[in-house]
A.B. asks: 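Handing you this structure, nothing more for now.
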Number of protein chains: 2
Amino acid sequence: MPHLLLKDLPRYECLLESAKEFPDLDPSACEAFLHLLRSADEGARVVQGPLAQHNISQGRFGVLMLLLKRCGRNASTLGPAELADAAGVSRATMTGLIDTLERDGLVTREPDTVDRRMMIVCLTPKGHELLQAILPDHFKRMAWLMSPLSEDERQTLLRLLNKIQRQADSSPEASPAPAALAVS
Amino acid sequence: MPHLLLKDLPRYECLLESAKEFPDLDPSACEAFLHLLRSADEGARVVQGPLAQHNISQGRFGVLMLLLKRCGRNASTLGPAELADAAGVSRATMTGLIDTLERDGLVTREPDTVDRRMMIVCLTPKGHELLQAILPDHFKRMAWLMSPLSEDERQTLLRLLNKIQRQADSSPEASPAPAALAVS
DNA sequence: TGTTTGTGGTTAGCTCCCTAACCATCCCAA
DNA sequence: TTGGGATGGTTAGGGAGCTAACCACAAACA
């Protein structure tokens with residue numbers, strides 16, 4: 001699950017040392033990158049880890065949250081494909097997620113009478129109750145994790161992260177190396 | 001693999017809206033947290049994703065890098081247990097990783113003659129060559145990803161991430177909710 | 001010296017995600 | 001109206017991580 005497996009991050013001096021052997025290594029970029037991954041790993045562990053106590057994995061949580069949000073505007077019915085797209089998992093994975101969620105009585109899956117290819121997934125009262133029970137603590141953990149940062153610092157962090165994110169988004173598909181790579 | 005499955009992050013207005021229903025939801029904390037996870041996901045995708053082209057998964061990469069580092073100071077021999085600890089995976093996982101790395105001829109595994117419980121894992125010349133071949137591009141991608149940030153901004157980012165990390169580290173085991181939770 | 005405890009490595013079986021392939025249904029256009 | 005694509009959902013199989021249990025060996029202690 002974590003993105004960064006290393007237990008101890010290399011110290012800056014070590015990076016400088018390694019940069020002699022690998023001229024392409026940008027020590028400060030490397031350091032920032034590793035700390036970014038490490039922070040996200042730790043944050044996810046602290047915030048999302050406890051969900052496992054309720055037998056809620058990351059994927060399950062995502063589905064339930066999407067269903068909760070759509071619950072309000074009940075106009076739009078949503079099926080596995082739409083859910084998969086919104087949640088960022090494959091349709092096959094979504095089938096499996098819904099299977100177990102249905103088995104646990106948290107969602108229902110009914111065939112759509114209009115388009116007979118489609119299924120309609122809905123949150124059950126039990127699913128709704130579960131969310132109401134776990135969300136407050138979930139949000140508390142999030143707030144707790146970020147509590148060392150002032151509002152200004154959060155804004156700054158957001159600005160810097162957005163720069164990284166935009167840069168990452170400009171990389172086509174992750175498979176082809178960034179085109180600008182040779183240029184820089 | 002990603003920490004955050006949602007495709008589209010909720011907008012700030014939506015968070016404010018949800019905060020009415022969930023008083024524990026701190027919108028700016030939530031926003032910062034989600035962007036942190038998203039940035040790390042995207043960064044990992046861009047930087048580490050291309051390693052898959054060389055049939056190098058995250059875990060395999062970690063093992064190879066650890067062996068490369070220790071290659072210099074050949075004094076310390078290291079076995080699966082030590083590797084597992086340093087790489088942050090279970091011993092069982094490390095057994096599997098070494099299995100396939102050995103099968104691919106990238107590492108060797110020999111029994112320790114002194115302590116007959118132990119095995120000694122070493123990088124082969126082929127493994128060393130592979131790293132030399134893929135590391136320059138790896139470092140280039142890292143530098144490219146962080147290139148939108150100035151040195152000052154990298155320092156700032158590091159400072160903010162460290163605050164989050166220290167806070168996360170002060171949470172016992174991820175399973176018990178932070179003790180300070182009720183206090184705040 | 002013999003027993004107990006601890007440590008290293010492996011195996012077995014699980015979860016959660018993926019891709020590839022498959023059918024059923026819909027839609028569009030010849 | 002009928003034949004081809006799209007699109008939706010599922011199944012099958014695989015990869016990478018985990019825990020629990022196991023055996024072999026080492027170390028410590030009565």
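Naming: A, B, ... by sequence-line order, numbering from 1 per chain.
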A.B. asks: Measuring from B/Ser150:OG to A/Lys163:NZ, what's the distance to the nearest 0.5 Å?
C.D. replies: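 Between B/Ser150 OG and A/Lys163 NZ, I get 6.5 Å after rounding to 0.5 Å.
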
A.B. asks: Output the rounded distance in Å from CD (A/Glu102) to C1' (D/dG9).
C.D. replies: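 Atom-to-atom, A/Glu102 to D/dG9, this comes out as 13 Å.
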
A.B. asks: Atom pairs, N/O to N/O, protein against nucleotides 26-28 of chain C, distance under 3.5 Å?
C.D. replies:
{"unit_1": "C/dC26", "atom_1": "OP1", "unit_2": "A/Arg116", "atom_2": "N", "d": "3.1"}

A.B. asks: Can you tell whether the side chains of B/Glu153 and A/Arg159 come within less than 4.0 Å, N to carboxylate O?
C.D. replies: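 Salt bridge flag = yes for A/Arg159 with B/Glu153.
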
A.B. asks: In whole angstrom, what separates B/Asn55's CG from D/dG14's C1'?
C.D. replies: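 Whole-Å distance recorded here is 13 Å.
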
A.B. asks: Contact class for B/Ser57 vs. all strands (heavy atom < 4.0 Å): base, sugar-phosphate, or nothing?
C.D. replies: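 Contact class for B/Ser57: sugar-phosphate only.
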
A.B. asks: Please list, pair by pair, any protein nitrogen or oxygen found under 3.5 Å from a nitrogen or oxygen in nucleotides 10-13 of chain D.
C.D. replies:
{"unit_1": "D/dT10", "atom_1": "OP1", "unit_2": "A/Arg109", "atom_2": "NH1", "d": "2.9"}
{"unit_1": "D/dT10", "atom_1": "OP2", "unit_2": "A/Thr95", "atom_2": "OG1", "d": "3.2"}
{"unit_1": "D/dT10", "atom_1": "OP2", "unit_2": "A/Arg109", "atom_2": "NH1", "d": "3.1"}

A.B. asks: Which residue pairs satisfy the salt bridge (charged side-chain N to carboxylate O under 4.0 Å, His left out) criterion with at least one member in residues 99-108 of chain A, sequence neighbours excluded?
C.D. replies: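 Sorted result for residues 99-108 of chain A: A/Arg60-A/Asp104, A/Asp99-A/Arg109, A/Glu102-A/Arg109.
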
A.B. asks: Between C/dT15 atom C1' and A/Arg103 atom CZ, what is the distance in whole Å?
C.D. replies: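 Those two atoms, CZ and C1', are 11 Å apart.
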
A.B. asks: Starting at atom CG of B/Leu97, determine the distance to atom P of D/dG17, rounded to an integer number of angstrom.
C.D. replies: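 Checked: the CG to P distance equals 5 Å.
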
A.B. asks: Would A/Phe33 and B/Leu145 count as a side-chain contact (heavy atoms from CB on, under 4.5 Å) if you check the C-alpha gap in whole Å, the side-chain angles of each, and the deciding distance to 0.1 Å?
C.D. replies: CA-CA 8 Å; A/Phe33 177 74; B/Leu145 181 69; 3.7 Å; yes

A.B. asks: Would you call A/Asp24-B/Arg141 a salt bridge at under 4.0 Å N-O?
C.D. replies: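 Salt bridge: no.
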
